[in-house]
Amino acid sequence: MNKTVTINISGIIFHIEEDAYDSLSKYLATIKGYFSKTDGGNEIMSDIEARIAELLQEKINAVKQVVLMVDVDHVKSIMGKPEDFGENQSKEDDKKEEEQTTFGEKVKRRLFRNPDEKAIGGVCSGLAAYFDIDIVWVRLAMFLLIFFGGISLWVYIILWIIIPEAKTTADKFAMRGESANINSIVQNFKEEAQDVKNRFKNNEIGNTVRGNVATLLNGFFNIVGRLIGLLLVFLGCAFLFAYVTSLFGISVADSNSDISNWKAVLFSSSANYAMAVLAFIIVAGVPVFMLLYGGIKLLFKIKYSNRWLNLSMGIVWVVGLIIGFCVTVTTVKQFNEGSKVKETVELHGLGNDTLVVKLNPAMATLKSLNFENADDLDTYFGRNNSGYQFGESNRKLTIIGHADLDVVESSSDSVELVINYSARGYNKKEANENAKTIKYSYTQASNVLIFDEVFSVLEGSKFRAQEVDIKIKLPKGKVIFFDKSVKYLLNDIENTTNTWDGHMVGRRWQMTERGLKCIDCDGLDELEEEDFHHVNNIHAKNITINEDGIKVNGTDAEIKIDENGIKIKTPKEPAEPKEPVEPKEPDTKGSKGNKGDKGEK
C-alpha cells in the first residue's frame with residue numbers, strides 16, 4: 001500500500017503516488033528554473049504543464065485512478081529532459097529535426113480548425129497548417145473558389161462543422177505534425193514571439209504586398225463572418241417567433257373543446273400528451289436557442305466559448321428527442337393491428353316486393369343517449385355528413401362516427417345484410433375488443449330497411465379508427481329503392497351506368513351481373529345534363545352567361561362578348577321634330593301642287 005497525494009496541474013486534479021509526486025515536482029522545478037530568466041517563461045511553463053496534464057489524463061481510466069511512477073517516467077520520455085534541451089539549445093537552428101526526434105515521438109499530421117489564427121471558423125488556417133503552406137494563399141484560394149469557382153458558401157460551413165477545433169496543446173502540435181515536447185513548445189513560443197516582432201516591424205516600416213493581401217482577406221472574412229452571424233440571428237428570431245407562436249397555439253388549443261377531445265381519446269393517458277408537449281418544447285427550442293447564441297457570437301465577435309453549455313444543450317436536446325420518439329412509438333403502436341367483427345343477417349319477409357332503404361337521422365339516434373352537448377351535435381350533423389364527433393356525458397366522451405352502405409351481388413337467392421365493425425389496436429386481441437365496443441342499429445319493417453346514420457362507441461373508449469361498413473347482398477333480379485334520405489350513406493355503389501351515389505336516390509335499381517341497373521332512369525341523363533348546365537350557365541334578369549359568351553341587355557345599350565370580340569348596340573336616336581307648317585288654302589282651280597307640297601303630304 002502506497003501513500004498518495006492530490007495535485008492540481010493546469011486546472012486538472014490528479015491523485016498521484018508520493019514517490020511519483022516527488023519525481024514530477026523535481027522535474028517541473030528543473031524546467032521552471034531553466035526558463036525562469038527566459039522571456040515569456042511563465043507562458044512556456046503554462047503550455048508545458050498543460051501538455052503534461054494531457055499525457056497524465058491518457059493514463060487515467062475507470063479502473064486506474066492514480067498516477068504511478070511509470071506514468072511520470074512516460075511523461076519525461078515524451079517531453080524530454082531539461083538538461084538535454086539546454087545542451088542542444090545552441091544548435092537548434094542546425095539540428096531542429098534531430099532535436100524533435102531526440103525529445104519526442106514523431107506525430108502524424110491531423111486536420112483541425114486553428115482557433116489561434118481564425119478569421120471566421122479557423123478552416124483556412126487549419127488547412128494551411130495541415131498542408132504547411134502560407135495561410136494567405138489558402139484564404140485567397142477559398143475566396144476565388146467561393147465567388148468565381150462555383151463552390152457554394154455552404155461548403156465552407158460544412159467544413160466548419162465537420163472539422164474539429166484544435167483545443168489542446170497536443171492538437172495544435174499534431175495539426176503541424178509536431179510532437180508536443182519541451183523543445184517544440186519552446187520553439188513554438190519563440191516563433192510566435194518572432195512573428196509578433198515582425199508584424200510590429202512591418203507596421204512601422206509599411207505594409208508589404210503580402211501584408212495588404214492578408215489584411216484584405218482578413219477584413220473580407222470578418223465581414224462574411226458578421227454577415228453569417230446576422231443571417232443566423234435573423235433566422236433565429238424568425239424561428240423564435242414561430243416557436244413562441246406554437247407554444248401559444250398549444251395553450252389556446254388546450255382550451256378548444258374539439259382539440260381537447262381528440263387529445264383525450266388519442267393518447268393512452270394525459271401523461272403521454274404532457275410528454276409529447278415537453279418533447280416539442282425541447283426539440284424545437286434548443287436549436288432555436290443555439291442558433292441565436294451562435295449568431296450573436298459571430299455578429300459581435302465574441303470569443304467566449306462555454307463547452308459545458310454546448311454539451312448540456314446537446315444532452316437536453318437528445319433527451320427531448322428520445323422522449324418524443326418514445327411517445328410517438330407508444331401512440332402509433334396502439335394502431336398496430338386491425339380487426340373486424342362481422343355480423344351477417346338473412347332478411348326475411350321481403351317476398352317479391354322492392355327492398356326500400358331509408359335513413360334514421362343522427363339526432364334521432366343520439367336523442368336517447370342524453371348528451372350534454374346535444375345542441376352542438378345537432379348543429380354539427382346538420383352541416384356535416386362525414387367524420388367523427390364526440391358526445392359528452394358526466395365528463396366522459398363517446399365517439400360518434402358515420403356509417404357507410406354498399407350493395408353487392410349475392411351468391412345465393414336470399415337477401416343478406418352484412419355489417420362489419422372494424423377497429424385497430426396494439427394487437428389482434430385488443431383490436432377485436434375495440435371493434436366490439438361499437439354500437440350500431442337498424443330496423444326492418446316488412447320490405448323497408450331503416451339504417452342509423454351514425455354509430456357510437458362505448459363511453460370512455462379511446463379512438464382506434466373505429467368504422468362501420470354495411471353491405472346489402474342482393475340476388476340477381478331483385479329490385480332495391482334508395483330513399484332520398486340515404487344520399488350520404490351510400491358509398492361508391494357499383495352500377496352499370498357509373499352513376500354518382502347522389503343521383504341513385506329516389507330511383508329503383510335491379511341487380512344484374514354487372515351491378516345495379518336503373519329501371520326507371522329515363523330522365524337520369526337529362527338530370528345530369530341539367531346539373532352540368534346549372535353549373536356552367538348563369539342567368540340573371542338582364543345578364544346571360546353560357547358557352548356562347550356573355551350577353552348584357554340594358555335599357556340604354558346591349559353588350560355581347562364572345563369569341564368574335566365585344567359588340568355594343570345602342571338604339572337609334574329619334575329624329576328631331578320639325579317646326580309645324582301652316583296648311584295652305586286648297587287650290588280651287590285644280591292646279592297641281594309643287595314637289596315640295598307633295599313631299600309634305
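Just so we're clear, the structure is a prediction, and the values are computed from it rather than from any experiment.
Of all the heavy atoms in Asp353 and Lys478, the pair that sits closest is O-NZ, 2.7 Å. Scanning all heavy atoms of the two residues, the minimum distance from Ala431 to Gly338 falls at CB-C, 4.0 Å. When all heavy atoms of Asn432 and Ser339 are compared, the pair lying nearest together is ND2-OG, 3.3 Å. A pairwise comparison of heavy atoms in Phe481 and Gly506 identifies CE1-C, 3.4 Å as the closest pair. The shortest heavy-atom contact between Gly425 and Glu430 is CA-OE2, 4.0 Å. In this structure, Ala276 and Val327 approach most closely via the heavy-atom pair CB-CG1, 3.8 Å.
No hydrogens or angles considered: a donor-acceptor pair under 3.5 Å links the side chains of Thr497 and Asn495.
Taking OG1 of Thr398 as the start and CD of Glu392 as the end, the distance is 9.5 Å to the nearest 0.5 Å. Interatomic distance, Tyr440 OH to Asp469 CG, rounded to the nearest 0.5 Å: 10.5 Å. With rounding to the nearest 0.5 angstrom, the CG atom of Leu111 is 8.5 Å from the CG atom of Leu159. For the atom pair Gln510 CD and Cys518 SG, the distance stands at 10.5 Å (nearest 0.5 Å). Rounding to the nearest 0.5 Å places CD of Glu433 at 10.0 Å from CG of Asn427. How far CD of Glu416 is from OG of Ser410: 5.0 Å, rounded to the nearest 0.5 Å.
Under the 4.5 Å side-chain criterion, counting only non-hydrogen atoms from C-beta, Val345 is in contact with Tyr442. Contact check for Leu458 versus Lys439: side-chain heavy atoms found under the 4.5 Å cut-off. The shortest distance between side-chain heavy atoms of Leu377 and Leu366 falls below 4.5 Å. In this structure, Asp483 and Val448 have side chains that are not in contact, with every pair of non-hydrogen atoms separated by 4.5 Å or more. Between Asn261 and Ile259, every side-chain heavy-atom pair lies at or beyond the 4.5 Å cut-off. A 4.5 Å side-chain heavy-atom check between Pro287 and Trp317 finds at least one atom pair inside the cut-off. Between Leu127 and Val123 the shortest side-chain heavy-atom distance falls below 4.5 Å.
Tyr426 does not carry Lys333 over the face of its six-membered ring by the limits of under 6.0 Å from the centre and within 45° of the normal. Note that Arg507 lies outside the cation-pi zone of Phe482, set by a 6.0 Å cut-off to the ring centre and a 45° limit from the axis.
Here the side chain of Asn491 pairs no donor or acceptor atom with the backbone of Asp404 at under 3.5 angstrom. Under the 3.5 Å distance criterion, the side-chain polar atoms of Asn447 are matched with a main-chain donor or acceptor of Thr354. Side chain of Lys342 to backbone of Val418: no donor-acceptor contact under 3.5 angstrom is found. With Ser393 contributing its side chain and Lys396 its backbone, the two residues share no donor-acceptor pair below 3.5 Å. Not a single donor-acceptor pair under 3.5 Å links the side chain of Glu453 to the backbone N or O of Leu359. Side chain of Trp509 to main chain of Leu516: no donor-acceptor pair is present (N/O by atom type, distance under 3.5 Å, no hydrogens or angles). The closest donor-acceptor contact from the side chain of Gln444 to the backbone of Ser446 lies under 3.5 Å. Counting only distance, with no hydrogens or angles, the side chain of Ser456 and the backbone of Ile400 share no donor-acceptor pair below 3.5 Å.
Here Ser441 pairs with Asp452 under the side chain to side chain donor-acceptor pair (under 3.5 Å) rule; sequence neighbours left out. Arg424 is linked by a salt bridge (charged side-chain N to carboxylate O under 4.0 Å, His left out) to nothing, counting only residues two or more places apart in sequence or in another chain. Residues passing the side chain to side chain donor-acceptor pair (under 3.5 Å) test with Thr437, sequence neighbours excluded: none. Ser461 pairs by the side chain to side chain donor-acceptor pair (under 3.5 Å) definition with nothing, not counting sequence neighbours. For the side-chain contact (heavy atoms from CB on, under 4.5 Å) test, residues two or more places apart in sequence or in another chain that qualify with Ile281 are Tyr243, Leu247, Val277.
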Exercise. Dump the intermediate steps for side chain to side chain contact (heavy atoms under 4.5 Å, CB included) on Leu350 and Leu347, then the final yes or no.
Key: CA-CA 7 Å; Leu350 300 178; Leu347 301 179; 4.1 Å; yes

Quiz item: Run the side chain to side chain contact (heavy atoms under 4.5 Å, CB included) check on Asn420 and Val468 step by step: do they pass?
Solution: CA-CA 6 Å; Asn420 291 314; Val468 172; over 6 Å; no

Quiz prompt | Intermediate values then yes/no, side chain to side chain contact (heavy atoms under 4.5 Å, CB included), Gln334 and Ser268 | solution = CA-CA 8 Å; Gln334 302 304 315; Ser268 300; 3.8 Å; yes

Exercise. For the pair Ile480 and Val407, evaluate side chain to side chain contact (heavy atoms under 4.5 Å, CB included) and give the outcome as yes or no after the intermediate values.
Key: CA-CA 9 Å; Ile480 187 171; Val407 179; 4.2 Å; yes

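For residues 356-397, the ring-ring contact (aromatic ring centres under 6.0 Å, His included) pairs, not counting sequence neighbours, are Trp262-Phe390, Phe381-His402, Tyr388-Phe463.
Shown here is Lys297, whose NZ atom has more than 12 heavy atoms of other residues, nucleotides or ligands within 6.0 Å.
Between Lys471 and Asp406 there is no salt bridge, since no side-chain nitrogen of the basic residue lies less than 4.0 Å from a carboxylate oxygen of the acidic one. We find that Glu409 and Lys476 are joined by a salt bridge, their nearest charged nitrogen and carboxylate oxygen being less than 4.0 Å apart.
The aromatic rings of His503 and Trp500 sit perpendicular to each other, their planes meeting at more than 60°, with 30° as the lower class boundary.
Of the listed residues (Ile472, Val356, Ile470), just one forms a side-chain contact (heavy atoms from CB on, under 4.5 Å) with Leu449, and that residue is Ile472. Considering Glu467, Glu343, Gln466, Lys340 in turn, Glu343 is the only one that fulfils the side-chain hydrogen bond (donor to acceptor under 3.5 Å, both in side chains) rule with Tyr421.
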